[in-house]
Structures are given as C-alpha cells and as structure tokens.
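All of these numbers come straight from a predicted model, not from anything done at the bench. Every chain is numbered from 1, with letters handed out A, B, ... down the list of sequences.
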Protein chains: 2
Amino acid sequence: MMNNAPDVYAQHPKISVAVDCVIFGYEEDELKLLLYPRRFEPNKGEWSIMGGFVRHDESMDVTVKRVLKQTVNLENIYMEQVRAYSEPDRDPGGRVISMAYYALIRIDEHDKELVDEKGGKWWPITNHPEMIFDHSQMVSDALEKLQNKATFNLIGEELLPKLFTLTQLNSLYNAIFQREFNPGNFRKKLATLDVLEKLKKKDTQSSKRGAFFYRFKKGKTNTQYERIVKI
Amino acid sequence: MMNNAPDVYAQHPKISVAVDCVIFGYEEDELKLLLYPRRFEPNKGEWSIMGGFVRHDESMDVTVKRVLKQTVNLENIYMEQVRAYSEPDRDPGGRVISMAYYALIRIDEHDKELVDEKGGKWWPITNHPEMIFDHSQMVSDALEKLQNKATFNLIGEELLPKLFTLTQLNSLYNAIFQREFNPGNFRKKLATLDVLEKLKKKDTQSSKRGAFFYRFKKGKTNTQYERIVKI
DNA sequence: GCAAAAGTGTTACCGGTACACCCATGT
DNA sequence: ACATGGGTGTACCGGTAACACTTTTGC
C-alpha cells in the first residue's frame, strides 16, 4: 500500500494480527469479565474474549477502541496492553498473532442489549469457564497486570459509579486481589493519597448510619505513583 | 498457508510483523545498549536497535532468538517483551507492527567481530544517539521494564560475570537505576534474599583487602518475588 | 436496646535509611 | 603508617498490621 519502490519490506511474510480484549467490570462485590460464545469455526460456540483484526489504517489501540464500541457501545475506555501471543499454532484456524489488552468499564453504563444480542455473558473472575486457544492465559495475565496497576495507582474510577463510598472501594480492592484488606487500615492509606474528594452526601443503601460519598479528584486520575497495597 | 476451506480468516488484512530488540550489556560500571546503523532506506545509516521480521513458522520469541544468534552469536539469552508499537505510519517504509523486546547479555561473551562487521556499537544508556522511528521510545520503555524487573527480582546473573563481588552487583544496580544505592544497606538487603552463594575465593583486582566472590544459587534464578529496592 | 456498618485510635513491630565505625592489605 | 575499598553495627524513623473501640441510625 505504501510501497512505491523495489522494497526490502515487500519480501517479508505478512501475518494476520488481532487484538483480544479482556473486559473487566465490577458488580455485586465481584470482579467480572465479559465472555462471548465464538461465532464461527473452529471451536464455534466455545467461550472466548472479544477480539478483532487490526486493519491497515489502525493502530492496535484504535482496533481495541473499535471493538469496544461494537461490543459494549462505550468510548473513552481505560485500557492497557497485556502482551502478545504469537505461537504459530495457537489458533487452529490459521496463523494469527494476537495482542491481548484489558479494559475497565462500568457494568451499569454498558449496552446490555447489544451484549445479549451477541450472547455475551459476565462471569466472576473467580468462576469462569474454560476458553478457546490461549484465552484463559490471556485472562490470567490480564488480571496480573490489573493487580500490578492497582498496586501503584488507585483504580476504581473506571469500575465504580461516579460517586462511591470507601467501603465500596475497599470491596473492589478485595475483589481484584482476592483477599480481604483491613477496612480501617485501607481507609487510612487512602487518606494519605490525596486523590479522593469527600462529599457531603451520604449513601444510606447499605447501612443505617450511612457512608459518605467520595469521588476522584479531577486531574489526579492515573497520575499517582503511590504504593497502595503491599505485594 | 494453513487455510484449507472458505475461511473467515482469509478476508482479514495481513501485516508485516517485526520484533525489535534492545540489547543491554554491562561494562565499565555502565549499562550499555547495542545499536546498529540501518542498512537500507528509508533512514539508511541512522542508528537503530536490531530487529527482524517474524516468519510464518516462528513465534516472536523464536524470532528474537534467531536475531540474537545472528547479531551477537549467543543462545539461551534472557529476554522479555516490552510492548507493541503499531501506529500505521510509524515506519515510513511500510506498514509494520513491531514488538519490542529487551535482552540481557554479558558483553564479554558476545561475538565482537560479528558486531563490528555489521557496524554495531555499544552506547551507554546515559548517552546514546537519537534513533530511527520510535526506537528511542522503545529503549526508554525497555529500560523502565528492566528497572521494574530489577525491583522484584535480583538480576545480574545475565549481565555480570559468573563470579562477581557484592560491590560489582551494587554498581550494576546503580547503573540500572541511575542513582547510588548505599553500599552497606544494599549488601544487608542482599543477605536477606537467599539467592547468592558466597565463595572462598577473593577478587583482588580492585582492592588490597580483596572482596569475596559470589555467584547465583542454582534454581533461585528468576524465581524471587522479593522487593530489592524501593521505588 | 441492639444489631450492623461506618469510622477512629492505639500500639507493636519491621524494614529502610543514614552514618559511624572497624577490617585487611599493598605500597 | 596510611590510603583504599570491603564489610559490620547501631540508632532513628515511618509505614503497616492487628485490633479494640466509638459513632450513628433503623428496627
């Protein structure tokens, strides 16, 4: 396409390149991921994460954005590269190199009808089915990346409602790391970070006393390098 | 090639896929990287890291191994994926998606003649020339990855001689992080890790008293999850 | 009053840091 | 003897973990 001369590039093999995106959401105190039944052979009907092929005019980031738009009808999603999977025989249907990503979305904001239409289903990270090819590996690598991210940045903005309580944030961290952080110590740690803004309003959904709502301070998002939890 | 039926895969674009490898070495108390003058247009003669195209029957790891064999004539090299670079216009010569890797080698063990032949040159990480395309970005991303690795694993086995002193290891860490770690505290930290084996022999090259040689314990390599240095 | 979740206070401990100091040896 | 790098000891400080305790409110 861009070649206009006898070209060293032209003699090299070309390969189908895809992205596969682990879509994480948070609901009912659980970290969940969105899986789809594969729509064509090979392995038709088995569970997989959503993916798409990289087009000639797209960077991989753009491909993922397009896939997310088509999948959950959301834009401006937080996402991150996980790693590339390139074993020649990883996909029995043909030679495809795939770059895994993970994305964080608010489950309550996504397009449920669109997901239903394509047979998508949210699964708890602690209890999901086996997936095609190396997708199970992608999921576990993505979770590891997410945990790493959550260690050095206070995440939650992309997964929680815009207003949330410290208890909810605590529960999110419990779900991500699959362990219980001490509520007292967790909120003391948060207090040192200067990323959250306390509001006057209270959430009375889950307690009689009510818990103050918080939100992320503008401009502080994803700019922290604090260590949130110990490894 | 593997297609044998009307195939959904066949309709998708195919793209040239390359790997580019940041080769790190350690010499004269400095972390260095190996750069080459590009051998063809566009940007012929400008500095670049070594790369190669992924063949149909190769995983990316295998491609890197092949490139390293051809470049420095070494095998069984420690290497790690950095990230993918996929902007459509990143390479003015054509559409190429590149996966960046870094590799760690012992400078004194590599094939200097082979490197010379191709115009390769070792540059200190603190003072290297501008590179083609996004290679400068690859180098800085690779260094960040290496620092991250060195934070949670005691590295050195791949960069230092088989026998080394704690002072040398200290200097390596200084070079990687571009700061001075306190020698007393550094060696106390090492003592808690149970990865190094103290030998009876002493190195008398750089001091009158002599410093004990150490080596990495078998089986402990790259299996540590300790935090070596604070971020 | 009591249960239940929100939120605070107290204390002990561990690990990092800074830095002073001792050790061994060639010249 | 003294300079030089190797190596050890110590004292302080801050963050973390464990956990007891108080607050608020609906029932």
Rounded to whole Å, the NZ-C1' distance (B/Lys198 to D/dG6) equals 10 Å
In whole angstroms, how far is the C1' atom of D/dC19 from the CD atom of A/Glu180? 16 Å
Nearest-angstrom distance from the residue atom CG of B/Leu166 to C1' of D/dT8: 13 Å
In whole Å, I'd like the distance from the CZ atom of A/Arg187 to the P atom of D/dC19. 19 Å
Within this structure, what is the CG-to-P distance between B/Leu196 and D/dG7, rounded to whole angstrom? 12 Å
Is A/Lys217 salt-bridged to A/Glu197, going by a charged N under 4.0 Å from an acidic O? no
Given side chains that start at C-beta, do those of B/Leu143 and B/Leu31 come closer than 4.5 Å, heavy atoms only? yes
Sub-4.5 Å side-chain heavy-atom contact between A/Leu169 and A/Tyr214: no
With sugar-phosphate taken as primed atoms, P, OP1 and OP2 and all else as base, the protein-contact string of nucleotides 19-27 of chain C at under 4.0 Å (heavy atoms; B, S, -) is B---BBBS-
Just checking B/Thr167: base, sugar-phosphate only, or nothing, at a heavy-atom cut-off of under 4.0 Å? sugar-phosphate
A/Leu35, A/Leu68, A/Ile49 screened by side-chain contact (heavy atoms from CB on, under 4.5 Å) with A/Ile23, the one that passes: A/Leu68
For D/dG5, does OP1 or OP2 lie under 4.0 Å from any side-chain N or O of B/Ser206? no
Distance check, rounded to the nearest 0.5 Å: B/Met79 atom CE versus B/Leu104 atom CG? 11.0 Å
Separation of C/dA5 P from A/Asp203 CG (nearest whole Å): 13 Å
Rounded to whole Å, the CG-P distance (B/Leu190 to C/dG15) equals 15 Å
Can you list everything that forms a side chain to side chain donor-acceptor pair (under 3.5 Å) with B/Lys69? Sequence neighbours excluded, please. B/Asn73, B/Glu75
Rounded to whole Å, how long is the line connecting atom CZ of B/Phe186 with atom C1' of D/dT8? 17 Å
